[in-house]
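Notes to accompany the following structure.
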Amino acid sequence: MNEIARVSDFDVKDYLRLNLMPHFMCPGCGHGIALRSLLWAVHELGIDRNKLAVVCGIGCSGRTGAYIDANTFHTTHGRPLAFATGLKLARPDLTVVVITGDGDCLAIGGNHLIHACRRNLDITCLMLNNEIYGMTGGQVSPTTSATRVTSTTPAGNTEPTFDACKLADAAGASFVGREVTRQAPALKNLIRAAIEHDGFSFVEVMSDCTEIYGRKNELGESAEMILSQKSDMVPDGLGNAPDQPFRPNRMATGILARHARPEYGRTYRERSAELRAGTEG
Amino acid sequence: MTGMERTEIRLAGSGGQGLILGMQILFRALGLEGKRAAQSQSYEPTSRGGYCYSDLILASDPSDYPLVTGLDMIAALSQVGIDRSLPFIKPGALVIVDERLVETPPTGPFKLHVLPLSQRAAAIGSPRIANIIALGALARLSGVCGKDSLETAVCLETPPKFAELNIAAVRAGFAIERLAPAG
Amino acid sequence: MSSSLHSLQGNKACALAAIAAGCRFFAGYPITPSSEIAEQMSRDLPRVDGVFVQMEDEIASLAAVIGASLGGSKAMTATSGPGFSLMQENLGFAAMTEVPCVIINVMRGGPSTGMPTKPAQGDIMQARWGTHGDHPIIVVAPASVQEVYAETIRAFNLSERFRVPVVVLYDQIIAHLIETVELPPKGSIHTVERKWASGTEEGFKPYAETDDLVPVMARPGDGHRLHVTGLTHTEDGFPTQKPDLAAHALNRILDKIERNRAEIDKVEQIETKDAGTVIVAVGIAARAARRAVQMLRSEGIRAGLVRPVTLWPFPDEALRAATANARAVLVPEMNAGQLIHEVQRVVGGSAKVAGLNRVDGEPIPPAAIAQKVRELVADE
């Protein structure tokens, strides 16, 4: 009952910069669902928008932040986690959410991702995975499925992909999860748990690029692509096999890993306070 | 030249001999006497035992060139230390070399003192204090700084547990007559 | 309280000055010959409730610095050539988004890995033009440990005042030189805080044009919920590609520096009044030139020195005035010829401009500069 009350209570327009509409995303793009799910989670958690900082990188994912009526930072390609690290360390009172993409986070920003996971600062990282560099015209990314045609893999992709969640888990992220845009309430719940988690949270959002990726690979219209998310979420790893319809690997969803590890910022501040007390005493 | 006063001092030898620390101590001693200086040292990936030096420039103009142009005094604790410094030694300079560690003392138009610095260090208690003895001798022969300030500085710049040993080293250096090699 | 004398290493003086200037955030990555700054900051920042973080690379270091500055902290990083190269993209971001930050670049032999432990002055042009696109930047070039202290404080003040990245540029010799430094008494140091919005202003525009062209900055959490982007943006902070707005946006951040030159420029001149030969130099080369001037004057040669302390923007007017009666200008620099291009541009044909260059990792000694001046005088 309470759940329903909260749902009806949530109006995404309350959290958007409506003066920027119409937005920039292509029709059918999954990023809008991801954005809505994030704002829904923010609403449910009762986070003060003045205290919410959203840090984005470059690409389609990077452009989503501007629409949020909060403190939004559109930084450089691949670096939002590094910017967010400085911001969160300087301002632990802010809720810091990073929105990044598969290229932004796993290619050019891969180094920052693994070190952000290792450091375990209280940042929530949403990686919107649409398997493509959409903004630049549809080039292959580190998560493009096998055999897919992109503007730089005219004969079909032959590069193996990253499993971003396994990568984040291995690098030490204390919260790892994955969800599909098809399941907006589940995605909202996952993001909510990620923000609530005390430490670095990594959430992979399986999003769809209909216009560039879908069209080129004849994956259907938006509705078909989003429906295919269900069949693509295969229960067990078949590898990045060419006979798979769309998604490359075992795509388990939900909370995939959660570890209790000391949150870096608080640990640093505690040690510093001890140091100061020692100096004074 | 203008009337600007300038004195250039070098400790030369090998890595691990405490030359940079030695110069820090002299810097501190001069500071206690109200003098300003600039210290520089060799800075490169050398292994222990490689050529090493530390320089101090005492100048009346605090913005004067802070690096060596011509040495007024040098104490060398190794052959490579004196050999590599030779081109920078001014005529008439004070040159102190260790009797044992510098097998071939340099020749030239300068005031050479061959002293048993390292032997004296070993006799006092540690070969590691040859740098301090060299400083004492340098100060005594040049008058660049007083014994009291050097003793105070050595205590300020080194751990308290070595204070006694280091003060003994300063005094040994100042007692230059007794340092002079026999025969 | 009066000032006190200390023997301080250049890099240590830099760190102490940063803390004194109000720096409360440092992010960096180890690199010779700048690492002592990071080490010192890691010890000192926790004691003043600040934050030190060692990042995964120099790209992340400057990103974190900008992030902290956006959050409201005075922030800096320190590096050397290879790391400075990696920082260029985010340096442009700071210039574009007008986020105050200080970058210490201790120059070593280059290009590439070059000579990590040897001094050079090869980053003079990179410090001005390293990032892509036209951009505002201030570069200060201290020549002594005392000046490293003073200029690091001034770098923070300029950065906060004009919301622009400021580079403190010095070489490995100055970095590791230990000199007697007069430290000002606590509380006597002039520090500048950026103009903050209260958070309650109606219709606040984060990049609105002000009288001095420096916009008022809003701090997250204070009430204004703003967008910051490296994209060309309008006064309200959102992207634009409209030609008139785009041109206005870029011209304002460039004019912000040009129109406030009186607050930014700083040049030291020695014996230039009657100088027939003017030497233009920075850093350790300027220390050698200073001595060379004294040597030459004692021989009756009318030499003088112009030393840009604010290196960028380049002191055109001061140099033009100082060389008005000069027949020759000498530019000694530890590179293959960088500063000389600016000098030639300013002096034009009014005097012969010669270079004295050294790229072997060794400083240019005073005697070499004096000799070159004698040759120039003899040629007249």
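The shown structure was predicted, so the numbers you read here are calculated from the model rather than taken from an experiment. In what follows, chains are A, B, ... by sequence order, proteins preceding strands, each numbered from 1.
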Under 6.0 Å from the ring centre and within 45 degrees of the ring axis: does the NZ or CZ of A/Arg119 meet both conditions for the six-membered ring of A/Phe200? no

Max heavy-atom pair count under 4.5 Å with chain C, selected residue of A/Ala273, A/Ala116, A/Ala66: A/Ala66

Using a cut-off of under 4.5 Å on heavy-atom pairs, state which of A/Thr85, A/Leu20, A/Asp93 scores highest against chain C. A/Leu20

Against chain C, label [X] side chain, backbone, both or neither, depending on which of its atoms sit under 4.5 Å from a heavy atom there.
X       : result
A/Leu94 : side chain
A/Phe73 : both
A/Ala84 : neither

Only pairs of heavy atoms separated by less than 4.5 Å count here; which of [options] has the most with chain A?
options                              : value
C/Ala60, C/Ala68, C/Gly199           : C/Ala68
C/Asp49, C/Asp222, C/Val53           : C/Asp49
C/Arg219, C/Met96, C/His224, C/Glu89 : C/Glu89

Distance-only side-chain donor-acceptor flag, C/Asp236 / C/His227, under 3.5 Å: no

Is it true that A/Lys188 and A/Glu44 make a salt bridge, defined as a side-chain N closer than 4.0 Å to a carboxylate O? yes

Under a 4.0 Å threshold between the charged nitrogen and the carboxylate oxygen, would A/Arg118 count as salt-bridged to C/Glu56? no

Polar side-chain atom of A/Arg91 near backbone of C/Pro220 as donor-acceptor pair, under 3.5 Å: yes

Would you say C/Thr240's side chain and C/Leu245's backbone share a donor-acceptor pair under 3.5 angstrom? no

Using heavy-atom distances under 4.5 Å, tell me whether C/Val51 contacts chain A through its side chain, its backbone, both, or neither. both

Check the pair A/Asp104, A/Arg79 against side-chain contact (heavy atoms from CB on, under 4.5 Å), reporting the backbone distance first and the verdict last. CA-CA 8 Å; A/Asp104 197 55; A/Arg79 322 299 172 201; over 6 Å; no

